[in-house]
Number of protein chains: 2
Amino acid sequence: MSRAPAEPIAARISRELADRIVAGQIAAGSRLRQDHVAVEFGTSHVPVREAFRRLEAQGLVESEPRRGVRVCGVSLDEMREIAEMRAALEVLALRHAAPHLTQSILDEAEEATRAGDRAGDVQAWEEANRRFHRLILSPCAMPRLLRSIDDLQTASARFLFAGWRAEWETPTDRDHRAILAALREGDLAAATAVLARHVQWIGQGPKRRPPLVR
Amino acid sequence: MSRAPAEPIAARISRELADRIVAGQIAAGSRLRQDHVAVEFGTSHVPVREAFRRLEAQGLVESEPRRGVRVCGVSLDEMREIAEMRAALEVLALRHAAPHLTQSILDEAEEATRAGDRAGDVQAWEEANRRFHRLILSPCAMPRLLRSIDDLQTASARFLFAGWRAEWETPTDRDHRAILAALREGDLAAATAVLARHVQWIGQGPKRRPPLVR
DNA sequence: TCCATCCAGATTATAGATAGTTTTCTTGTC
DNA sequence: GACAAGAAAACTATCTATAATCTGGATGGA
């Protein structure tokens with residue numbers, strides 16, 4: 001069949017650039033010039049501009065009217081802000097998702113936690129961590145809320161990759177298991193409390209070295 | 001003087017379309033066709049497409065890859081979702097803003113409440129209401145949070161204008177004054193509790209008539 | 001005979017490329 | 001340090017291609 005992808009080029013560019021920004025391959029504060037990006041992707045700058053708007057909405061770049069776009073910074077303040085927003089919104093989502101959680105979803109979440117334990121690098125751990133959160137939150141059936149949470153998780157991942165690569169994993173698996181245990185017992189209050197603390201833990205920043213603002 | 005605005009056309013189009021959608025001049029569910037909009041504004045379709053991306057980020061329209069964009073619906077579920085998100089985020093913002101609130105800010109907020117009392121139509125009331133919230137929240141100095149809240153308030157206004165035009169105003173001024181009183185006394189817990197209830201009250205929907213989904 | 005389904009052509013709309021204009025930044029000169 | 005000329009980049013318009021939708025009509029079945 002070899003059906004043409006039918007995915008607009010703008011979407012592809014925005015995905016690719018988002019990945020690079022999150023991975024830290026594009027430095028914070030650096031300018032993105034539409035012609036250069038266009039040349040690199042072998043397209044014109046028109047879809048590039050649309051991709052920029054998308055990244056702007058995700059909070060990965062900021063744009064000034066006639067002066068181009070630049071990658072957002074990764075300061076400690078921004079990190080805390082995002083962590084607190086995540087905590088507030090994920091608690092809300094979990095509160096609505098809890099009544100619709102099934103045994104099989106909880107089992108899948110358990111498996112995601114184990115995958116996080118087995119993860120050898122940050123990327124794999126982050127993916128497992130995000131899968132865990134998505135699993136227990138998406139049954140809330142609130143699409144706008146889930147989209148916001150997803151954008152915030154992307155931004156969180158950016159901090160994770162940018163700053164410190166050592167101290168992931170250890171306490172999170174405990175938190176994940178505590179959340180699952182509370183959910184299995186129907187103790188929603190305990191589950192949301194642990195979730196809030198767990199998310200904000202990420203926002204506490206590095207214990208030893210500063211967050212490598214490039 | 002008379003400096004050319006230097007505001008990109010895309011920004012102007014997105015503002016104008018957002019106003020119309022919020023005001024209910026463009027029906028929920030109707031399609032927006034880029035070259036029609038372009039003809040109306042006397043431009044090409046390129047800035048129109050960028051405006052669409054902006055509206056999509058604000059949650060006013062939804063876009064399918066090669067099938068165009070259409071105005072989001074205004075169901076009761078979406079309304080509740082937005083109200084709950086607002087409650088969660090505005091409480092967070094107030095918690096961080098409270099330490100930085102000054103006497104003059106509270107006085108201005110009081111004045112905004114009075115302006116809401118005096119408002120003769122929904123538009124004026126909505127503007128005063130939004131000014132009140134912005135005043136007491138913006139000292140939190142969390143730009144990303146404030147942007148999210150602003151988008152949610154825009155969506156709220158849409159429901160307000162779309163569905164029912166009778167029952168605004170009455171209880172809200174009481175809530176606003178209760179929030180201000182609690183803030184003046186330094187009772188942050190009471191202030192956030194009233195704020196959360198107050199915001200979710202909007203999400204309760206019309207008491208008598210259904211929300212006029214067009 | 002009437003109705004539903006499906007297909008081909010025409011029409012419409014989205015998406016992207018190319019080219020030109022305007023604004024901003026840079027560099028060289030006084 | 002200020003200013004002007006040049007370069008670079010953002011922004012928009014026009015044109016083109018590709019995908020989706022709509023129309024009419026044919027076919028098959030009850």
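Computed from a predicted model, the values in this text were never measured in an experiment. Each chain gets a letter, A, B and so on, in the order the sequences are listed, and its residues count up from 1.
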Donor-acceptor pairs under 3.5 angstrom involving side-chain atoms of residues 49-67 of chain A: please list them, not counting sequence neighbours.
unit_1 : atom_1 : unit_2 : atom_2 : d
A:R49  : NE     : B:E50  : OE2    : 2.7
A:R49  : NH1    : A:Q34  : OE1    : 3.1
A:R49  : NH2    : B:E50  : OE1    : 3.0
A:R49  : NH2    : B:E50  : OE2    : 3.2
A:E50  : OE1    : B:R49  : NH2    : 3.0
A:E50  : OE1    : B:R53  : NH2    : 3.4
A:E50  : OE2    : B:R49  : NE     : 2.6
A:E50  : OE2    : B:R49  : NH2    : 3.3
A:R53  : NE     : A:E56  : OE1    : 3.3
A:R53  : NH1    : B:E50  : OE1    : 2.5
A:R66  : NE     : B:A6   : O      : 3.3

Find the distance [X]:[atom1] to [N]:[atom2] and express it as a whole number of Å.
X	N	atom1	atom2	answer
B:R49	D:dA13	CZ	P	15 Å
A:R70	C:dT24	CZ	C1'	13 Å
A:E50	D:dT12	CD	P	13 Å
B:E7	C:dT22	CD	P	18 Å
A:H45	C:dT22	NE2	C1'	13 Å
B:I9	C:dT21	CD1	C1'	12 Å
B:D35	D:dT21	CG	C1'	14 Å
A:E64	D:dA9	CD	P	16 Å

- Query: Nearest nucleotide by nearest heavy atom, which residue falls closer to the 5' end of DNA chain C, B:F52 or A:V46?
  - Reply: B:F52

- Note on the structure: Comparing A:R66 with B:R53, nearest DNA chain C nucleotide closer to 5' gives the residue B:R53

- For the side chain of A:Q34, starting at C-beta, report the closest nucleotide among D:dA13, C:dA17, D:dA10. D:dA10

- Query: Can you tell which of D:dA13, C:dA17, C:dA13 lies closest to the side chain of A:T43?
  - Reply: C:dA17

Phosphate OP1/OP2 of [N]: any [X] side-chain N/O under 4.0 Å:
X	N	value
B:R33	C:dA13	yes
B:R67	C:dT14	no
B:H36	C:dA13	yes

- Query: Contact class for A:L32 (heavy atom, under 4.0 Å): base, sugar-phosphate, or nothing?
  - Reply: sugar-phosphate

- State whether A:E16 and A:R20 are salt-bridged, where the test is any N-O pair (Lys NZ or Arg NE/NH1/NH2 against Asp/Glu carboxylate O) under 4.0 Å. yes

- Message: Any salt bridge linking A:E111 with A:R118? Criterion: basic side-chain nitrogen under 4.0 Å from a carboxylate oxygen.
- Response: yes

- Message: Using ring centroids (six-membered ring only for Trp), state whether B:H133 and B:H176 fall under 6.0 Å.
- Response: yes

- Decide yes or no for B:L94 and B:C140: does some side-chain heavy atom of the first lie under 4.5 Å from some side-chain heavy atom of the second? no

